[in-house]
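No experiment lies behind these values; they were computed from the predicted model shown.
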Amino acid sequence: MSDLRIGIVSTAIREHPPRHSHLKGLIMKNISALIFAASALAAAGAAQAQTASDGSTNSGQAMMVPVPGTNPAASSDPLVQKRQADSDANAEYKARKKLANTEMKVEKAEAKVDMKEQKAEAKAKRDKAMSKDAASQ
C-alpha cells in the first residue's frame, strides 16, 4: 500500500513542473532581447563614429554644441523660459552650495587644528600638575 502511494506521488510530481520553470524562459527572452538591442546600438554607434571620422557627412561644418548654463537662442515659449530660468536657478544654487561646502571644510579643518592645540596645552598643563603632585608626596 505504501509503495502505491509513493508511485502516485512521484508521478504527480513529474506531471506538474515547478512554478518557476516558466520564469527561466521569460528571463532568457528578456536577456536575448537586451543583448540584441545592445549590439544594435553598438553597431549604430560604430557606424556614426566611422562617418564622423571620415568627415564626409559634415562637409567641413563645425558642430554646434550648447554650453550648459547659457541660453543660445531665447525662446518666446513661456514653458521653455521657465525651464531655462529653473535651470539657471538650479545651477546658481549648486554653485552656492559647493562654495558653502568648501568654506565649511576649511572652517572644520581650522577648528580641528585649534582643538588639537587646546588638547595639547591641556595635556601639558595636566602633566605638569601631576608631576608637581608626585614630587610633593
Side-chain angles (χ1 to χ4, degrees):
M1 182 78 172
S2 64
D3 295 333
L4 181 61
R5 286 187 200 155
I6 292 172
I8 292 172
V9 171
S10 64
T11 55
I13 291 173
R14 275 187 251 131
E15 289 174 5
H16 300 288
R19 293 182 189 180
H20 65 281
S21 66
H22 71 283
L23 292 177
K24 185 176 181 182
L26 184 64
I27 291 171
M28 292 306 289
K29 282 183 183 179
N30 287 341
I31 289 174
S32 64
L34 287 173
I35 290 172
F36 176 76
S39 63
L41 285 174
Q48 277 186 336
Q50 186 178 12
T51 57
S53 66
D54 291 346
S56 59
T57 56
N58 280 343
S59 67
Q61 295 177 354
M63 293 180 61
M64 295 290 290
V65 178
V67 177
T70 62
N71 193 356
S75 176
S76 61
D77 185 11
L79 293 176
V80 173
Q81 290 176 351
K82 181 183 181 322
R83 184 175 60 222
Q84 185 63 37
D86 290 347
S87 175
D88 293 342
N90 191 14
E92 181 183 341
Y93 169 75
K94 286 183 178 183
R96 282 188 287 129
K97 185 176 177 181
K98 190 172 185 178
L99 179 64
N101 279 339
T102 54
E103 289 175 356
M104 181 196 62
K105 287 180 182 179
V106 168
E107 289 175 4
K108 188 176 179 180
E110 290 173 354
K112 190 174 182 180
V113 168
D114 290 344
M115 180 63 84
K116 285 184 178 183
E117 288 175 0
Q118 290 175 359
K119 194 174 181 181
E121 289 173 7
K123 184 179 185 298
K125 185 177 178 182
R126 188 175 57 243
D127 289 345
K128 186 178 179 183
M130 297 265 299
S131 65
K132 283 183 182 179
D133 285 345
S136 67
Q137 287 179 358

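- Taking Asn101 as the reference, Lys97, Met104 meet the side-chain contact (heavy atoms from CB on, under 4.5 Å) condition, with sequence neighbours excluded.
- Scored by the salt bridge (charged side-chain N to carboxylate O under 4.0 Å, His left out) test, Asp77 finds no partners at all (sequence neighbours excluded).
- Looking at residues two or more places apart in sequence or on another chain, you find a side-chain contact (heavy atoms from CB on, under 4.5 Å) between Lys116 and Lys112.
- Residues forming a salt bridge (charged side-chain N to carboxylate O under 4.0 Å, His left out) with Lys105 (at least two apart in sequence, or on another chain): none.
- Within the structure, salt bridge (charged side-chain N to carboxylate O under 4.0 Å, His left out) contacts touching residues 125-137 (residues at least two apart or in different chains) are Lys123-Asp127.
- Between the CD atom of Gln84 and the CD atom of Gln81 there is a distance of 10.0 Å, given to the nearest 0.5 Å.
- For the pair Arg83/Val80, a side-chain contact is recorded, criterion being any heavy-atom separation below 4.5 Å from C-beta on.
- For Lys82, the salt bridge (charged side-chain N to carboxylate O under 4.0 Å, His left out) criterion is met by Asp86, not counting sequence neighbours.
- Listed by chain and residue number, nothing satisfies the side-chain contact (heavy atoms from CB on, under 4.5 Å) test with Leu41 (two or more places apart in sequence, or in another chain).
- A search for side-chain contact (heavy atoms from CB on, under 4.5 Å) contacts involving Glu117 returns Val113, Asp114, not counting sequence neighbours.
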